[in-house]
> 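Below you will find the structure I want to go over with you.
Reminder, nothing fancy here: chain letters follow the sequence lines and each chain counts from 1.
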Protein chains: 2
Amino acid sequence: METVTIKDIAKALNISTSTVSRALRGSYEINAETKRLVMEYAEKVHYSPNPIALSLKENKSRAIGVIVPEIANHFFSQAINSIEEVANSRGYHVVIFQSHESYEREVTNIQHIIARKVDGLLISLSGQTSDVSHLHEIQRKKLPLVLFDRISHKIDAHKVVADNFDGAFKATEHLILSGRKRIAHITSPSLLSITQERLAGYRAALEKHGFQYDESLVKYCGFSAEEPKRIIEELIESQNPDAIFTTSDRLALDCFSALREKNILMPNDVAFIGFTNLKVAHLLEPSLSTVVQPAFEIGQAAAELLLDSIERKTTNIEQFRTIKIPTEMIVRKSSES
Amino acid sequence: METVTIKDIAKALNISTSTVSRALRGSYEINAETKRLVMEYAEKVHYSPNPIALSLKENKSRAIGVIVPEIANHFFSQAINSIEEVANSRGYHVVIFQSHESYEREVTNIQHIIARKVDGLLISLSGQTSDVSHLHEIQRKKLPLVLFDRISHKIDAHKVVADNFDGAFKATEHLILSGRKRIAHITSPSLLSITQERLAGYRAALEKHGFQYDESLVKYCGFSAEEPKRIIEELIESQNPDAIFTTSDRLALDCFSALREKNILMPNDVAFIGFTNLKVAHLLEPSLSTVVQPAFEIGQAAAELLLDSIERKTTNIEQFRTIKIPTEMIVRKSSES
DNA sequence: TTGTAAGCGTTATCAC
DNA sequence: GTGATAACGCTTACAA
């Protein structure tokens, strides 16, 4: 990787490196002619400043770290999409890490991130994360931090989330209003903030309409390939729901698969709604109404919040913000049975 | 972002920075006691070396750049997944860029990448990319480069691809053997290497079985939201295919949608096969046989090739390799009409 | 075994 | 208006 440095330019032009530097960054105290000369030569040899040297000098890397449970998950890849967009437009680069839903790997990632000297960190917690001392460590080091989507209440920091309560409320109410009585809720691990918020929305809707909350209709699923399948089959068999409200593409698909196998028809036998991202959702199953996860908006807001936080000099007496992105419900005609 | 440096340790222990450095990196020419002291203190104050300083010194960043058309695409996010895994396990970080299928943005990304001083680059070309002088520029700078999936024949470099010819051949033959006569092929922009390879496989299978290649059954689609929809509808209407072989999740979904709207049944009226990634594929439509895109394996092989190339000192007289990953065809019973 | 000093590429602070 | 010099954090000849 051959490179042209400021030194090479200085040597070639028989001037000092400081002059070159000044010319390049358009300092005013410089001879117009010298400046032109330098600029021309720099252009000619494709000079580009070494960002690593800059980083060392300024003690910042113009890179932000992003830790997500899994890249190959539509929600997170969409979020990363917008994060990348915002970051790039503001001159930052994005360094990606995956926790693979493992607390340990999340901690390791954090260590890497700290060592890497990124200027800030965006994180969505793993399904196993309960203890957040690794995040406190980040804050102790005064590294700007924004949690998004899967957050923790054990830490005071910037947060960006979907309005999961409202989304779940709307979803559940939709099922109720279309006449369903036994509305199952299949959701993510109970540890996660999104799980709790959605459960609360589900319960609130039930209560509003005079339904009794029935614990046996609620199932938490991990991220393995088999567990959801098993749990869902069990639920369908033993609880006989006439509607299902689920919280991810993955779980929705597993539900469809299970229903298909048992020859249970949607929307006749079972009405369905889910928090999903796939544009495919309604192709998959025309009766699938959806609460769209605002992945793009969450990533965008999180990245902007982080960059603002990085660039604000007076980072000390900073108020932590929590941004809640509204969700949109898309109701398919065919589910209005 | 407060930090402990080697200097702080030296000062605290009243020794020189070089001694600290030597102790830390376990140099042999050092007193065991001094070493212990340094190690202990470093541990205590959570010392971690500044990778930026290292980078500057060694002129390498231990980061690799990845340019993909779109992160929020299952194929690429899966590929990034394995790239991240390989890179991390070998002590590298992954910096992500998206071209958004735009040649211009690809060029800009390359400039960023070069400026960023990554140690190597993985790239999958945009749908608009024909000219590859930006890649030649990369090579001129002796920056290790691996093209994956969407490659170009205009450049001699390491490449990792799926066996698209074979996959397309198998897919087409499968449709032929199940009795189909008018097999449409809906595919990506004709510029792309994958498009050409798959088209060749499709043609070869037709020829083997004595079918005449019919241009009007082959349609190229861009990546906009509307174009594929329009093209597909037109094709179905005017050409009356009894089978469709398509080359991406996106296109498969658009086909399903179009067929549904026209009340054309699968697999009775139309048999279907596609290059897809979604595990969902067969849930979507039980008749969908699939040639699985080996995204994970491609990413893995590409990352390994790149890192080997980076770490091999004698990068000069290096043979360029092309790795072809086999594809697997998954045939659903119900498509054997 | 340890310390001194130079150097990686850049900019800021002094002189001149 | 320009040039020398120090500094960012670290490693490594070279001296001691």
> Using only atom types and a distance under 3.5 Å, with no angle test, would you say the side chain of A/E106 pairs donor to acceptor with the backbone of A/I67?
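Not confirmed, A/E106 side chain does not pair with A/I67 backbone.
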> Can you tell me how far P of C/dG3 sits from CD1 of B/I30, to the nearest Å?
9 Å
> Just say parallel, tilted or perpendicular for the rings of A/H112 and A/F97, cut-offs at 30° and 60°.
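Aromatic pair A/H112/A/F97 classed tilted.
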> Quickly work out the B/R22 CZ to D/dT12 C1' distance and round it to whole Å.
8 Å
> Using OP1 and OP2 only, check whether a side-chain N or O of A/S16 sits under 4.0 Å from D/dG3.
yes
> Heavy-atom nearest nucleotide on DNA chain C for B/K57 versus B/T34: which residue maps closer to 5'?
B/T34
> Taking all non-hydrogen atoms of both residues into account, name the closest pair between A/I15 and A/T34 and its distance.
CD1-CG2, 4.5 Å
> Count the heavy atoms of every other residue, nucleotide or ligand shown that sit under 6.0 Å from NZ of A/K60, and state whether that count exceeds 12.
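Yes, the 6.0 Å shell around NZ holds more than 12 heavy atoms from other groups.
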> Counting side-chain heavy atoms from CB outward, which of D/dG3, D/dT11, C/dT4 is closest to B/I6?
D/dT11
> Ignoring backbone atoms, establish whether A/K7 has a side-chain N or O less than 4.0 Å from OP1 or OP2 of C/dC8.
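Checking A/K7 against C/dC8: at least one side-chain N or O falls below 4.0 Å of OP1 or OP2.
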> For A/T17 and C/dG9, is the shortest distance between a side-chain N/O and OP1 or OP2 below 4.0 Å?
no
> When you measure from the side-chain N and O atoms of B/S18 to the phosphate of C/dG3, is any distance below 4.0 Å, counting only OP1 and OP2?
no
> Whole angstrom is fine here: how far is it from CD in B/E58 over to P in C/dG9?
13 Å
> CG of B/N50 versus P of D/dC8: gap in Å, rounded?
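After rounding, the gap between these two atoms is 12 Å.
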> Pick the closest DNA chain D nucleotide for B/A53 and for B/T19 by heavy atoms, then say which residue is nearer the 5' end.
B/A53
> Please report, rounded to the nearest Å, how far the C1' atom of D/dG3 is from the NZ atom of A/K11.
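Value for this atom pair: 16 Å.
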> Report the C-alpha separation of B/S102 and B/S99 in whole Å, then their side-chain angles, then the decisive distance to 0.1 Å, and conclude whether the side chain to side chain donor-acceptor pair (under 3.5 Å) test is met.
CA-CA 5 Å; B/S102 146; B/S99 64; over 6 Å; no
> Identify, between B/L56 and B/V20, the residue whose nearest nucleotide on DNA chain C lies closer to the 5' end.
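Result: B/V20.
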> To the nearest angstrom, how far is B/L54 atom CG from C/dG9 atom C1'?
15 Å
